[in-house]
Amino acid sequence: MQLAIEFEPIRDWAHDKKIIKEGNVFRQYTKFQEEGGELAKALIKEDKLEAIDAIGDICVTLVSLAEQLAILHNDPTICIESCINSAYNVIKNRTGKCINGDFIKDAE
């Protein structure tokens, strides 16, 4: 799957802010969780603009976390694009159905 989204400006920003080289994967994961909490609050309040902001912030934290993992494991193939492609390749042929708003996958 080719991704049409450009993540390079986010990576550049995170490198400029020293989040990648001086950051900590556990701290970045905590930021991801904080942003998830902000998204939950926005959804409860039905605040569209806050939900959009939180989803964007979640993406930024995940781009940064993938970059940190690439350095931690000395593996330049780790990036947000490869993570998304890996997940998509797992789910693309998954079958199941949506029940009460939850996708329930068929037994494998």
Working to the nearest 0.5 Å, report the span between CD of Gln68 and CZ of Phe26.
-> 10.5 Å
CD on Glu34 to CZ on Arg27, rounded to 0.5 Å | 5.0 Å
Hey, could you give me the OG/CH2 distance between Ser64 and Trp13, rounded to the nearest 0.5 Å?
-> 6.0 Å
For Glu35 and Thr61 the tightest heavy-atom approach is CG-CG2, 4.2 Å
So if you build clusters from Ile, Leu, Val, Met, Phe, Trp, Tyr with side-chain heavy-atom gaps below 4.5 Å, do Val60 and Leu69 land together?
-> no
Between Ser82 (side chain) and Thr77 (backbone), is there a donor-acceptor pair under 3.5 Å?
-> yes
Spatial distance of atom CG (Leu65) from atom CD1 (Ile78) [nearest 0.5 Å] | 10.0 Å
Would you please test His15 and Ile19 for side-chain contact (heavy atoms from CB on, under 4.5 Å) and show each step?
-> CA-CA 6 Å; His15 279 284; Ile19 293 168; over 6 Å; no
Hey, are Glu6 and Arg11 close enough for a salt bridge, meaning a charged N less than 4.0 Å from a carboxylate O?
-> no
One should read off an interatomic distance between Cys79 SG and Glu8 CD, to the nearest 0.5 angstrom, of 9.5 Å
Quick one: pull up CZ in Phe103 and OG1 in Thr95 and give me the separation to the nearest 0.5 Å.
-> 6.5 Å
Given the rule in the side-chain contact (heavy atoms from CB on, under 4.5 Å) test, do Ile91 and Arg94 qualify, once you have shown the distances and angles that lead to the verdict?
-> CA-CA 5 Å; Ile91 67 164; Arg94 188 172 283 164; 3.4 Å; yes
Going only through I, L, V, M, F, W and Y residues with side-chain contacts under 4.5 Å, is there a path from Leu62 to Tyr29?
-> yes
Does the side chain of Gln33 reach to within under 4.5 Å of the side chain of Thr30, using non-hydrogen atoms?
-> no
Is the number of heavy atoms from other residues, nucleotides or ligands under 6.0 Å of Asp106 CG greater than 12?
-> yes
Side chains of residues 36-55: which donor-acceptor pairs under 3.5 Å do they make with residues two or more places apart or in other chains?
unit_1: Asp47; atom_1: OD1; unit_2: Leu49; atom_2: N; d: 3.3
unit_1: Asp47; atom_1: OD1; unit_2: Glu50; atom_2: N; d: 3.0

